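Written out below as structure tokens is the structure these notes cover.
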There are 2 protein chains.
Amino acid sequence: MKACVDIGGTKVAVSLAQAGSTDLIARQNAPTAKTGDHEAVARQVMQLIEAACAEAGVPVSQVDQVGVSSAGPFVLREGAIALATPNICGGLAGPDRGLPNDWTFAPIEAPLAARFGRVRVENDAVAALEAERRWGALKGEDHCAYVTWSTGVGVGLCVDGRTLRGKNGNAGHAGHLFVSDDDNEALCGCGNRGDVESLVAGNAIARRFGVEAAELFGAAQQGDAKALATVDGLCRVMGRLLYNLTAALDLSRISLGGSVFWHNRDFLLPRLQSQLDGRLPALTDGVPLVAAGLGDKVGDYAALALVD
Amino acid sequence: MKACVDIGGTKVAVSLAQAGSTDLIARQNAPTAKTGDHEAVARQVMQLIEAACAEAGVPVSQVDQVGVSSAGPFVLREGAIALATPNICGGLAGPDRGLPNDWTFAPIEAPLAARFGRVRVENDAVAALEAERRWGALKGEDHCAYVTWSTGVGVGLCVDGRTLRGKNGNAGHAGHLFVSDDDNEALCGCGNRGDVESLVAGNAIARRFGVEAAELFGAAQQGDAKALATVDGLCRVMGRLLYNLTAALDLSRISLGGSVFWHNRDFLLPRLQSQLDGRLPALTDGVPLVAAGLGDKVGDYAALALVD
């Protein structure tokens, strides 16, 4: 039995899947644990796995593989991945965040591995990349990226047929790249000013323009000139990120998802593609931007992609 | 016997090395062939290998491995790497470049493989990366980059212990990333306006500021306020590129070379490091920028690193 765990800053969800199956069953979820000691998140995951097993009527001892798709970044502690996620660990971002703990990291791989054996922890965008490569719009692609444009901006990268991980498993934190000088006062959750996420993420749109993302894109699609200009500015930033990834890594395809993108995908895709086309043609010719093949289910399949 | 080939826009150089040796012998060079049909560069390389063999007193038939470190980008033609280098192929950039040919590509891997068997062609910055990993400042590093700051800006990337290649072997063309909006009129050889290379490369400095790079850095080091401000602007752009690579790929170390950097390395290193330090600490903490361990010999060892 496989346990599929999705850890976000707001919510933790766990599902089960039989060996050889892609049917997710017995889904459980709860608000992300943020009080007590820094093993609270790992304990919560174990409790949710127990609850899922109870619902499915299988003994917990049958769980022999755990895939964890989590918001990052990660740090290594004694060789095992721990979460260093600013939305979970109150000791990272300081008291301004108002989190009810002072954790600088939250162990995850070590406690789960001690109980369940095989555990694989990946950044949620990396896990979504693997899901898109197995079942979605990136099948057969050896040089590709999955980009989520949502509350934040996350990226999973694959070059030469291998998912990139990096020194602490944080490769793909490309939402924190600098691609322009627009609005250098925009403050990102990571502490940067003016990086991609601080300029275009869902929560940045609300903060920068005083309007929810859905409302802004709705107005732009109805032809409102000011909203259109704002959206073009957002697409310039996101498009430069997509171009940068393509040029730096010689990618052949990028798949996009996330709530901001997904609800406006037909409107956004040509605007983003125009930021790629014609730039450094030896690198970008014939490189398509496409909507996630798994659609709005990409998050559900992400953790499943991490287990066999 | 190994043949080590270095192809630049100005010059082609060939050396030989005995199996198991890192001594480069019988060096030959000539201005890069740019007339005749598009196999002229490959023919020139073969002639230089023949000349080197004659000088070393070994039959050409003993050459059983060829490493080619070349200016990029590359394209694949019938599965083999060909050069699509704007400084060599006159058909790419149009008549403004004044090149005496209309090549859109120049075959290199196929003709050399037909004659010598084992051939490996890599971008010159990728080859330099491999040299730095074998003999230089990146020994033992599995997540690292080599960045050359010279007439152009080139990058070789290694993540999870593997050199990144990409769909056409062009991964690492990070000199063509957009990291800021400084001087959007700056035109790069690749056609981009305002990418890193168009802003900070040696030839860009002369064009943008009307002063040779050596003169600019000399004035800055003597405390000239205007020159210092200009250099700080260059370091901001180059530093954002180095930060972007570190954050996107979770690197642990970056080694730098190239004539612009090398002649001013003690002056530039702390200025570049300050663009990395403190940004997204989970990704950048303890990531040092270092001068190339192979010093100004890194180019000589680059092609050698491509053969066993």
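Every chain is numbered from 1, with letters handed out A, B, ... down the list of sequences. Keep in mind it's a predicted model, so treat the numbers as computed, not measured.
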(request) State, with a plain yes or no, whether a side-chain heavy atom of A:Leu99 is found less than 4.5 Å away from one of A:Cys89. (result) no

(request) Return the option, out of A:Ala247, A:Ala174, A:Pro281, with the maximum number of heavy-atom pairs under 4.5 Å with chain B. (result) A:Ala247

(message) Tell me if a side-chain donor or acceptor on B:Arg133 pairs with a main-chain N or O of B:Glu141 at a distance below 3.5 Å.
(response) yes

(request) Side chain from CB out, backbone as N, CA, C, O: work out which of these in A:Thr163 comes under 4.5 Å of a heavy atom of chain B, or both, or neither. (result) backbone

(message) Once rounded to the nearest 0.5 Å, what's the spacing between atom CZ of B:Arg208 and atom CG of B:Leu187?
(response) 12.5 Å

(request) Could you note down all residue pairs passing salt bridge (charged side-chain N to carboxylate O under 4.0 Å, His left out) where residues 170-181 of chain A supplies at least one of them, sequence neighbours left out? (result) A:Asp181-B:Arg236, A:Asp181-B:Arg240

(request) Flag the one option from A:Asp250, A:Leu245, A:Leu241, A:Asn170 with the top tally of heavy-atom pairs under 4.5 Å to chain B. (result) A:Asp250

(message) Strictly below 4.0 Å, N to O, side chains only: are A:Glu132 and A:Arg253 in salt-bridge contact?
(response) no

(request) State, without any angle test, whether A:Asp195 and B:Tyr243 hold a side-chain donor-acceptor pair at a distance under 3.5 Å. (result) no

(request) Name the option with the most non-hydrogen atom pairs under 4.5 Å to chain B; the candidates are A:Val75, A:Val155, A:Leu157, A:Leu164. (result) A:Leu164

(request) Return the option, out of B:His143, B:Lys167, B:His176, B:Arg162, with the maximum number of heavy-atom pairs under 4.5 Å with chain A. (result) B:Lys167

(message) With a 4.5 angstrom heavy-atom cut-off, is it the side chain or the backbone of A:Asp142 that approaches chain B, or both, or neither?
(response) neither

(request) Against chain B, label A:Val179 side chain, backbone, both or neither, depending on which of its atoms sit under 4.5 Å from a heavy atom there. (result) both

